[in-house]
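Below is a structure I'd like to ask you about.
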Number of protein chains: 2
Amino acid sequence: MPVARGETIDPARTRARVVATLEPLLYEHGIDGIGVSALCEAAGISKETLYRHFGSKDGLVEAVLQQRSDRVLQWLHAAASGAGDDPADQLAAIFDALDGWYAEPAFRGCAIVNASTQGRGGTAPGVAEIHLDRYRDLFRAIAVRAGSRDPDLVATQLLVVVEGATVVSDQLRLPGAAAAAKDAALALLRASL
Amino acid sequence: MPVARGETIDPARTRARVVATLEPLLYEHGIDGIGVSALCEAAGISKETLYRHFGSKDGLVEAVLQQRSDRVLQWLHAAASGAGDDPADQLAAIFDALDGWYAEPAFRGCAIVNASTQGRGGTAPGVAEIHLDRYRDLFRAIAVRAGSRDPDLVATQLLVVVEGATVVSDQLRLPGAAAAAKDAALALLRASL
DNA sequence: CCAAGATGGTACCGGACAGTACCAACAACT
DNA sequence: AGTTGTTGGTACTGTCCGGTACCATCTTGG
């Protein structure tokens with residue numbers, strides 16, 4: 001089949017579809033764990049199309065990671081918002097959401113941190129920093145509204161707990177890791193008042 | 001130059017020297033970030049020697065990771081022991097030691113976790129689990145001696161904090177991450193009594 | 001002094017991978 | 001209808017990497 005299938009030809013739409021399709025694949029296999037040819041086959045596009053849209057494999061990876069960071073942060077903000085107005089409840093809701101993620105069979109740790117660890121040099125410089133900073137901003141806002149004495153400190157501590165829980169859940173497959181992290185996060189927030 | 005240089009021919013000694021020499025190199029560049037030829041050149045050995053000793057690149061990596069895990073755990077045990085008998089002091093000493101590590105320019109996160117993240121499949125299955133379990137045992141012993149109500153929970157939480165601090169320090173280069181983690185660890189231990 | 005084992009050097013093989021070129025087919029706008 | 005632009009298919013290139021083979025050289029132990 002030569003061109004667009006049922007849908008109209010639209011480069012932006014093609015690009016978005018490719019990013020959405022390839023995101024879970026790159027997450028599952030790792031950036032160096034899957035070749036460009038396999039990615040193209042999975043996305044149903046030719047290599048030429050991929051390189052016209054993204055310039056290089058690194059360009060594709062950066063686009064995928066950017067969208068993933070956006071999606072994850074939106075998801076956590078939604079989880080917090082849906083838990084009412086109490087900062088502690090919102091914090092608990094975030095860790096409950098993470099617990100569900102950790103339990104998924106496809107869970108492989110934090111995609112952005114994994115990518116940064118794998119691709120030392122070249123791949124997505126700054127994406128990881130921005131991602132973690134946004135995480136920290138989310139926690140800082142919660143700490144501020146909870147009335148913490150040192151919101152920056154608490155935000156860093158909560159970021160540490162989240163990233164640690166992610167790593168431990170991934171490496172050790174401890175089912176209780178998220179619950180322990182949630183307990184720790186609430187204790188740290190409480191201790192900061 | 002053909003054979004052993006100044007030292008006597010001794011396969012075990014050669015193997016140990018190779019592991020010690022290549023450990024920092026594999027840590028710095030990542031497992032897939034440096035080729036076997038470069039490793040041999042750096043170690044001053046031929047490819048044939050490397051493959052006779054380790055069988056494959058994965059075999060070399062596993063040997064390096066095993067030794068690194070041993071070294072790190074010994075180092076932390078020593079830091080704890082050197083801080084006296086108070087469990088809280090020992091915990092603080094561990095995080096102070098980590099703080100020094102995080103500040104090193106060569107710091108690249110946890111080598112074992114990095115390797116596990118990079119080499120999905122084939123590379124060192126189980127090394128990461130064992131490493132984190134040993135970490136957790138160290139913390140559990142501290143929690144027990146401190147009189148925590150639930151030493152297993154505290155051990156998991158402290159493991160989460162350590163791994164999180166390592167990731168955050170690596171990705172974000174936050175100088176205060178270790179101090180925040182130390183503060184969090186002590187608060188969690190205190191809250192568990 | 002000689003046999004056996006450990007080693008370094010080098011060249012090589014096969015495969016995988018990122019990236020490119022060329023072409024035919026199809027859609028959208030005029 | 002035709003022109004322009006987007007796409008899929010395929011073949012190809014150059015490169016790098018893990019791993020193997022062969023050989024000369026040196027130490028070690030008898």
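Bear in mind the structure is a predicted one, so any value in this text is a computation, not a measurement. All chains are named by letter (A, B, ...) in the order of the sequence lines, taking the proteins before the strands, and each is independently numbered beginning at 1.
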| request: Give the rounded distance in Å between these two atoms: CZ of B:Arg13 and C1' of C:dT7. | output: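 About 16 Å, once rounded to whole Å.
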
| task | Round to a whole Å and report the spacing from CZ of B:Arg52 to P of C:dA4. | result |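 Spelled out: CZ on B:Arg52 to P on C:dA4 is 17 Å.
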
| Results of side chain to side chain contact (heavy atoms under 4.5 Å, CB included) for B:Thr21 - residues two or more places apart only |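 Side chain to side chain contact (heavy atoms under 4.5 Å, CB included) list for B:Thr21, sorted by chain: B:Arg17.
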
| request: For the side chain of A:Ser46, starting at C-beta, report the closest nucleotide among D:dG8, D:dT7, C:dT7. | output: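 Nearest to the side-chain atoms of A:Ser46, counting from C-beta on, is D:dG8.
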
| request: Measure up the A:Phe107 and A:Tyr102 rings against each other and bin them: parallel (under 30°), tilted (30 to 60°), perpendicular (over 60°). | output: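 Aromatic pair A:Phe107/A:Tyr102 classed tilted.
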
| field | Ion pair check, B:Asp96 and B:Lys182, cut-off under 4.0 Å | value | yes

| task | Using whole Å, report how far CD1 of A:Ile45 lies from C1' of C:dC26. | result | 17 Å

| field | Heavy-atom donor-acceptor pair, B:Asn114 side chain to B:Arg108 backbone, under 3.5 Å | value |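 Confirmed, B:Asn114 side chain pairs with B:Arg108 backbone.
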
| To the nearest angstrom, how far is A:Glu41 atom CD from D:dG8 atom P? |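 About 13 Å, once rounded to whole Å.
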
| Does A:His53 make a side-chain N or O approach to OP1 or OP2 of D:dT7 shorter than 4.0 Å? |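 It does, given that an N or O in the side chain of A:His53 lies less than 4.0 Å from OP1 or OP2 of D:dT7.
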
If you look only at distance, which donor and acceptor atoms sit under 3.5 Å apart when one is on a side chain in residues 78-86 of chain B and the other is two or more places apart or in another chain?
unit_1, atom_1, unit_2, atom_2, d
B:Ser81, OG, B:His77, O, 2.9
B:Asp86, OD2, B:Asp89, N, 3.3

| Atom CG of B:Leu50 and atom C1' of D:dC17: how far apart are they, to the nearest Å? |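 After rounding, the reported distance stands at 14 Å.
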
| Under a 4.0 Å N-O cut-off, is there an ion pair linking B:Asp70 with B:Arg134? |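 Salt bridge flag = yes for B:Arg134 with B:Asp70.
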
| Does OP1 or OP2 of C:dA6 have a side-chain N or O of B:Thr49 closer than 4.0 Å? |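 It does not, given that no N or O in the side chain of B:Thr49 lies less than 4.0 Å from OP1 or OP2 of C:dA6.
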
Could you run down the sub-3.5 Å N/O contacts of the protein with nucleotides 14-18 of chain C?
unit_1, atom_1, unit_2, atom_2, d
C:dA18, OP1, A:Lys57, NZ, 2.5
C:dA18, OP2, A:Val36, N, 2.7

